[in-house]
Amino acid sequence: MRDTDVIGHDLLAWYDANARDLPWRVGPAARRAGERPDPYRVWLSEIMLQQTTVAAVRDYFHRFTTRWPTVTALAEAEDAEVMGEWAGLGYYARARNLLKCARVVAGELHGTFPDTREGLLALPGIGPYTAAAVSSIAFDRAETVMDGNVERVMARLFDVHTPLPAAKPELFAHAEALKPLERPGDHAQAVMDLGATICTPRSPACGICPLIGVCTARARGTAPELPKKTPKKPKPIRRGIAYLVQRSDGALLLETRPDKGLLGGMLGWPGTEWAEAPPEDPPIETEWRTLPGEVRHTFTHFHLILTLQASTVGPEAMPTRGQFMPRAEFRPSDLPTVMRKAFDLWQAKS
DNA sequence: AAGCCGTGGTA
DNA sequence: TTACCAAGGCT
């Protein structure tokens, strides 16, 4: 057998015995018995898992599939419902694209997901990784699935020292050479499970790795330092003010943020820009009290220090931004994390 | 094509 | 406390 066949065989044997039990997964035994996963659940899980850990996804996946069991049900949901259910999971463009995609599948494709990489790639929110993953996992098509796990496993198996992201084509070629024609879905999941549980970024468990005998980095002692990555830029600090306005009947002044950009489409408190720019006009004429303390939150590319200003207004107050939401309709869990932190601080200090 | 886009866990 | 990291996609 070729080395690539040995790796594929050992990997599948390991997967058969060690596959993680995941809510969206049909395990290797059931899969070999002919059971097929629900493409809707596979797609939903893959969108949620983009740059996100399994531990963070589990509860969200359960809530989404309970509330919207099919792609058609999801397609009929209102935007605010879906954004509220996604709140806290991050990368909110995923939620906007999730709904767009569900509406295309339900409205134009009779509720059936495409089964090919190309067909999936044409849908909103589905890129090269997700298209390959869904066609492979849900439809057992032989596609090369390349995510962060696969990159790391390939870099170690073949001792690739080229830093990411420049190394991607080289790593993809290695992954493609390993791609089997049999059980491609299980193979893809096996590589990712290996990367998530054994071939981990820090302190890889080489001692119990099924591929220890064929791993070049292991033989050369370089596994823990791979893959190499180009250094990241430091994160600047931005500041801003958030205004927490409560009406005398308890209603809270909130606004839905524009679809584009940071926290796009999410509910939040009116506020200034987050930068070094001078504060803008507050969203309502009133007396402000500055709350003690501040909200600290780190986004992908900057740190934020948010100060809070609070006020209580009468029933006649007319805001220039946002709208009052009755307290009974307000759920803190509908807020993205930074906005929920602001709410928590306001409650603690009020 | 390089920057933008969240969050919580971990060392 | 800080920095790194995770089943990436869009523009």
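Labels below follow one simple rule: chain letters A, B, ... track the order of the sequence lines, proteins then strands, and each chain is numbered from 1.
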Item checked: A/Glu46 versus A/Tyr129, side-chain donor and acceptor atoms under 3.5 Å -> yes

Next item on the list: Let me know, please, whether A/Arg202 or A/Gly148 comes out on the 5' side of the other along DNA chain C by nearest nucleotide.
Entry: A/Arg202

Margin query: Is the shortest side-chain heavy-atom distance between A/Pro204 and A/Arg152 below 4.5 Å?
Written below: no

Check: Checking all strands, does A/Thr300 fall into the base, sugar-phosphate, or nothing category for heavy-atom contacts under 4.0 angstrom?
Finding: base

Next item on the list: For A/Thr298, answer base if it contacts any base atom (sugar-phosphate contacts may also be present), sugar-phosphate if it contacts only those atoms, and nothing otherwise; contact means non-hydrogen atoms under 4.0 Å.
Entry: base

Next item on the list: Under the salt bridge (Lys or Arg N to Asp or Glu O under 4.0 Å) rule, collect the residues that match up with A/Asp10, sequence neighbours excluded.
Entry: none

Next item on the list: For A/Asp159, enumerate each residue passing the side chain to side chain contact (heavy atoms under 4.5 Å, CB included) test, keeping only those at least two apart in sequence or located in another chain.
Entry: A/His161, A/Thr216, A/Ala217, A/Arg220, A/Thr222, A/Leu226

Check: For A/Arg247, which residues count as a side chain to side chain donor-acceptor pair (under 3.5 Å) partner, sequence neighbours excluded?
Finding: A/Asp249

Notebook entry, point to check: Who are the side chain to side chain contact (heavy atoms under 4.5 Å, CB included) partners of A/Ser203, not counting sequence neighbours?
Noted result: none

Checklist line | Sequence-distant partners of A/Asp147, salt bridge (Lys or Arg N to Asp or Glu O under 4.0 Å), two or more places apart | finding: none

Next item on the list: Measure the distance from CG on A/Leu120 to C1' on C/dG9 and round it to the nearest whole Å.
Entry: 15 Å

Checklist line | 5′-ward residue of the pair A/Lys260/A/Lys229 relative to DNA chain C | finding: A/Lys229

Notebook entry, point to check: How would you label the contact of A/Ile137 with the nucleic acid (heavy atoms, under 4.0 Å): base, sugar-phosphate, or nothing?
Noted result: nothing

Check: Using a heavy-atom distance cut-off of less than 4.0 Å, which residues of residues 85-99 of chain A contact DNA chain B?
Finding: A/Gly88, A/Leu89, A/Gly90, A/Tyr91, A/Tyr92

Notebook entry, point to check: When the P atoms of C/dT11 and B/dG6 are considered, how many whole Å apart are they?
Noted result: 14 Å

Check: A/Arg152 has an atom CZ; how far is it from atom C1' of C/dC4, in whole Å?
Finding: 13 Å

Next item on the list: Provide, to the nearest angstrom, the distance between the CG atom belonging to A/Leu121 and the C1' atom belonging to C/dC10.
Entry: 12 Å

Next item on the list: Whole angstrom is fine here: how far is it from CG in A/Leu164 over to P in C/dC4?
Entry: 15 Å

Notebook entry, point to check: Does A/Lys349 have any salt bridge (Lys or Arg N to Asp or Glu O under 4.0 Å) partners at least two apart in sequence or in another chain, and if so, which?
Noted result: none

Margin query: Among residues 47-67 of chain A, which ones have heavy-atom contacts with DNA chain B below 4.0 Å?
Written below: A/Gln51, A/Thr52

Checklist line | DNA chain B: 5'-most and 3'-most nucleotides touching chain A, 4.0 angstrom heavy-atom criterion | finding: B/dG3 to B/dG9

Next item on the list: Pick base, sugar-phosphate or nothing for A/Trp24, based on heavy-atom distances below 4.0 Å to the nucleic acid.
Entry: base

Margin query: Just to verify, what does A/Glu78 make a side chain to side chain contact (heavy atoms under 4.5 Å, CB included) with, not counting sequence neighbours?
Written below: A/Glu81

Next item on the list: Look at all strands and tell whether A/Lys233 reaches a base, only sugar-phosphate, or nothing, counting heavy atoms closer than 4.0 Å.
Entry: sugar-phosphate

Notebook entry, point to check: Less than 6.0 Å separating the ring centroids of A/Phe61 and A/Phe64?
Noted result: no

Item checked: Residues in side chain to side chain contact (heavy atoms under 4.5 Å, CB included) contact with A/Pro163, at least two apart in sequence or another chain -> A/Lys228, A/Thr230

Next item on the list: Calculate the interatomic distance between A/Glu46 atom CD and C/dG8 atom P; express it in whole Å.
Entry: 9 Å

Note to self: Going by salt bridge (Lys or Arg N to Asp or Glu O under 4.0 Å), name the residues that satisfy it together with A/Lys229, two or more places apart in sequence or in a different chain.
What the structure shows: none

